[in-house]
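Notes follow the structure.
As a basis for the values below, the full set of heavy atoms in this structure was taken, side chains included, without hydrogen atoms, waters or symmetry mates.
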Amino acid sequence: MRVALYGYPQSGRTTLLQALAGHERLSQVVTVGVPDDRLERLCADVGAKKCTPVGVEFSDDTPPMTPDGGKSGPTVADALRRADAVAVVVREFTDPRVPWHAETDAERDYDAIQTEFLIHDLQLIERRLERLEKEHAARQPGTPEYLQKRVFAFLAEKVSEGAPIRALAISDEENAVLRDFQFLSAKPLAVVVNCDEGDWADRGWEERVRAFGIPVVRLCATIERDLALMDETERQEFLSALDIERSARDALIRAVFEMFKLITFFTAGEKETKAWPLRSGSTVLKAADTIHSDIAKGFIRAEVIAWEDFDRLGSLEACRQGGKMRLEGKEYVVQDGDVVNVRHKS
């Protein structure tokens, strides 16, 4: 899972990436673990030597569009297409040391970036429709080209009206037609409002964005960077002094993970206890394949302990002793938080 940080110059993307990285040496791509208290409890229960969270990649390798209308060329879209999702960073903080093109306005910048995405997609759609108009197969019902022309005509109408592709009702068959085009407005989206220290209250426009299922996280990137570079004791003291319960960095990572509509299952052992991402609605056979394809090929049964039972009884051993470990076949649909051990032919 790769998430591109994107925004205008001076929005604080580099500072935010450093906060996510948690160290001073910084590359353009960092992998961070998704915070999950359940994993920590499992690791403590089994005495795991290694505790491995789900990882999410964040990248800051996209050249920014400029708010005065200038563009950085096709490399912007190319870089964003490589990502699975986009986190738009908009500036709300004020700092006389950091130049800006106009008075800060996070809502204006968010809307401008979304318009850029829609224009990019509409141009791509119109070019494809022009080509399809010249293809004989696109006039023959039942052909892939005919379906593609119908889908693209629908997109052209909706996108020109300002609707992002992610918000449209599109069937699985139609999605398969669109997959190779990597439309920008189709990608899952999160918004990061980079605000001043202590200014945590929404401005009002964020609810309009959240109404479309887009997570919005307010944070001060410089504070988050400083927190990430502290040891745990210093971090807790600093959070207490700011009257903050937990780092907004963790909230952002968690929100980004959840917008992929994934669940988490766990494997637990003394050598390593690990969290794994899985598409919601997937079977335990798919979970086994996520761990290793050979485990899926040799699948016999899965030992499953529901998180609710672990949470209530306090340990895996108590769950086993209390009859809460179930044997499930390959068609079992994994639930969020399940602790899974796959029996397989080695």
Side-chain angles (χ1 to χ4, degrees), residues 1-20 32 34-36 54 56-60 62 64-65 67 80 83-95 100 102-118 162-168 183-225 227-228 239 242-262:
M1 297 175 288
R2 183 165 183 165
V3 181
L5 299 179
Y6 191 72
Y8 291 140
Q10 312 298 340
S11 59
R13 292 186 307 167
T14 301
T15 305
L16 179 58
L17 190 68
Q18 190 173 38
L20 291 165
V32 298
V34 178
D36 196 325
V54 174
V56 176
E57 279 189 354
F58 286 87
S59 66
D60 184 26
T62 56
M65 290 182 289
L80 289 177
D84 301 303
V86 180
V88 171
V89 183
V90 289
R91 174 180 171 175
E92 194 180 271
F93 69 89
T94 55
D95 189 337
W100 192 237
E103 183 179 350
T104 57
D105 187 332
E107 180 180 16
R108 174 202 61 209
D109 294 342
Y110 167 78
D111 287 339
I113 290 172
Q114 296 319 296
T115 299
E116 290 283 355
F117 286 1
L118 290 170
I165 295 172
R166 79 179 73 84
L168 302 178
F183 292 111
L184 302 187
S185 73
K187 292 183 180 295
L189 189 71
V191 179
V192 182
V193 181
N194 191 3
C195 61
D196 287 312
E197 178 182 337
D199 191 6
W200 315 127
D202 283 359
R203 291 293 185 267
W205 66 272
E206 293 94 336
E207 281 308 310
R208 167 173 66 90
V209 178
R210 292 190 182 101
F212 290 99
I214 299 171
V216 181
V217 177
R218 292 180 65 86
L219 55 77
C220 177
T222 54
I223 287 180
E224 297 300 326
R225 178 196 58 198
L227 283 168
L239 287 171
L242 294 173
D243 196 26
I244 302 174
E245 184 175 341
R246 63 183 302 176
S247 167
R249 167 190 181 274
D250 291 351
L252 171 61
I253 298 168
R254 189 75 211 173
V256 164
F257 173 73
E258 290 174 352
M259 74 184 183
F260 285 104
K261 295 180 173 57
L262 300 172

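Atoms CG and CG, on Asp250 and Leu219 in that order, are 11.0 Å from each other to the nearest 0.5 Å.
What you find for Ala255 and Val217 is that their closest heavy atoms are CB-CG2, 4.4 Å. Taking every heavy atom of both residues into account, Ala85 and Phe260 meet most closely at CB-CZ, 3.7 Å. When all heavy atoms are compared, the tightest approach of Leu20 to Val32 is O-CG1, 2.9 Å. The heavy-atom pair separating Leu118 from Ala163 by the smallest distance is CD2-O, 3.7 Å. Of all heavy-atom pairs between Ala19 and Arg225, the closest is CB-N, 3.4 Å. Of all heavy-atom pairs between Cys220 and Trp200, the closest is N-CZ3, 3.8 Å.
With sequence neighbours excluded, no residue forms a salt bridge (charged side-chain N to carboxylate O under 4.0 Å, His left out) with Arg166.
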Met1 vs Phe257, side chain to side chain contact (heavy atoms under 4.5 Å, CB included): CA-CA, chis, key distance, verdict: CA-CA 8 Å; Met1 297 175 288; Phe257 173 73; 4.0 Å; yes
Side chain to side chain contact (heavy atoms under 4.5 Å, CB included) between Tyr8 and Ile113, intermediate numbers included: CA-CA 9 Å; Tyr8 291 140; Ile113 290 172; 3.9 Å; yes
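Looking only at side-chain heavy atoms (C-beta outward), Asn194 and Ser11 stay at 4.5 Å or farther from each other.
Cation-pi geometry between Arg208 and Phe212 is not satisfied (NZ or CZ under 6.0 Å from the ring centre, within 45° of the ring normal).
Salt-bridge annotation for Glu206 and Arg210: absent, with no side-chain N of the basic residue lying under 4.0 Å from a carboxylate O of the acidic one.
For the salt bridge (charged side-chain N to carboxylate O under 4.0 Å, His left out) with Arg218, the lone residue among Glu92, Glu224, Glu197 that qualifies is Glu92.
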